[in-house]
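Everything below concerns the one structure shown next.
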Amino acid sequence: MSTTKARKLKQLVQSPDLTFLMEAHNGMSAKIAERTGFEAIWASGLSISTAFGLRDRNEASWTQVLEAVEFMSDATDVPILMDGDTGYGDFNNVARLVRKLCNRDVAGVCIEDKLFPKQNSFLGEGQALLTIPDFVAKIKAGKDAQTDPDFCFVARVEALIAGRSMQEALDRAGAYTDAGADAILIHSKKSDSVEIEEFCRQWDNRSPVVIVPTKYHDTPVDVFRDLGVSAAIWANHAMRAAITAIEETCAEIYRTQSISAVEKRVAPLKDVFELTGENVFEEFAQRYSA
Ligand code: SPV
Ligand code: MG
């Protein structure tokens, strides 16, 4: 039997080696991430929302996000960890989301212990957190609902983001692991990795740890390796790169009233056709031609 996407993600998360998940927000960016060599993809809520022109505040409905993730899953063979925000409701909504993701061959979901509608972790201070029992119910319902035995439920601890203590972060991580979470995502908005390092030392790999070094990007990845971190998520860089490239290209075309100057800087059409599989369509058509 071939290895399922969920099995691949579980192996990556459980292996002692540090893995990198690259952000993608649609089929195209997912395919590019896979071709670059990334072994797994982060379907970022922030990036998918931004690509829709929406705020990262659950303005997009969960089925709209799911549809974007389905395009990404169809376009790639590497596993996808979907950013499921707070699960779009209570334990019941999380269970339904997990079933839908298993149907669509999405390898795992990350659910955070904030309140619906969520807001991005880098906005505001003192964001409200869900109670531990209510979040434990989401984990248990999600794990019970999975139809793929290797589906990964990543429980995201927002205690440090919300300005709570290190002890609370550790207590929450402990309760979530006991409830059946396959990994803990510990998030921080500090520009250095001191609190993440402290968490990892005290957590002592009781279960795999996932991090998002968006703000503490200067920390060398060997520091995370030495701490035994399982996975680092490069969470929004495809989306931000696209914004910069689109802004620069639009400005140049607007200014020069010509597309000539940008022609050599944008992807050639042959690459566009190749990315979407036009190069294999002829053979496909031949097979079915009458
Ligand atoms: C995302 O990429 O949507 C995340 C990571 O959840 S963060 O933006 O840091 O909250
Ligand atoms: Mg998010």
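All ligand and atom numbering here is 1-based and tracks the order in the structure. All figures in this text were calculated on a predicted structure; none of them were measured in a lab.
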Quick test of your reading of the model: are Lys118 and Glu158 salt-bridged, counting only N-O distances below 4.0 Å?
no
Heavy atom under 4.0 Å from ligand 1: found in Asn120's side chain, backbone, both, or neither?
side chain
Could you list which atoms of ligand 1 come closer than 4.0 Å to a heavy atom of Ala235?
2 (O)
Quick one: does Asn236 get an N or O within less than 3.5 Å of an N or O on ligand 1?
no
Counting only N and O atoms by type, is there a donor-acceptor contact under 3.5 Å from the side chain of Gln127 to the main-chain atoms of Asn120?
yes
Restricting to N/O/S atoms, is Glu112 within less than 2.8 Å of the Mg ion (ligand 2) or not?
no
Distance under 4.0 Å to a non-hydrogen atom of Leu46: what atoms of ligand 1 satisfy this?
1 (C), 3 (O), 8 (O)
Flag Ser47 as yes when one of its N or O atoms lies below 3.5 Å from any N or O atom of ligand 1, and as no otherwise.
no
Taking both backbone and side-chain atoms of Asp83, is any N or O found less than 3.5 Å from an N or O belonging to ligand 1?
yes
Identity and separation of the nearest protein heavy atom to atom 5 (C) of ligand 1
Arg156 NH1, 3.9 Å
min-distance N/O/S atom, Asp83 vs the Mg ion (ligand 2), resolves to OD2
For residues Glu195 and Ser188, is any side-chain donor paired with an opposing acceptor at under 3.5 Å?
yes
Within ligand 1, which atoms have a heavy atom of Phe122 less than 4.0 Å away?
9 (O)
Can you find a heavy atom in the side chain of Arg240 that is under 4.5 Å from one in the side chain of Thr214?
yes
For atom 2 (O) of ligand 1, what's the nearest protein heavy-atom neighbour? Residue, atom name and distance, please.
Ser44 OG, 2.7 Å
Are Arg156 and Ser121 close enough that a side-chain donor and a side-chain acceptor fall under 3.5 Å?
yes
Sub-3.5 Å donor-acceptor pair from the side chain of Thr249 to the main-chain atoms of Ile246, do we have one?
no
Out of curiosity, does Trp234 fall in the hydrophobic cluster containing Val154 (side-chain heavy atoms, cut-off under 4.5 Å, transitive links)?
no
Name the closest protein heavy atom to atom 9 (O) of ligand 1, giving the residue it belongs to and the distance to 0.1 Å.
His187 NE2, 2.7 Å
Asp182 and Lys143: salt bridge (charged side-chain N to carboxylate O under 4.0 Å, His left out), yes or no, with the steps?
CA-CA 9 Å; Asp182 299 290; Lys143 288 306 291 176; 2.6 Å; yes
Evaluate the criterion ring pair (Phe, Tyr, Trp, His ring centres under 6.0 Å) for residue pair His187 and Phe199; output intermediate values, then yes/no.
CA-CA 10 Å; His187 203 7; Phe199 176 90; over 10 Å; no
So which bit of Lys114 gets within less than 4.0 Å of ligand 1, heavy atoms only: side chain, backbone, both or neither?
neither
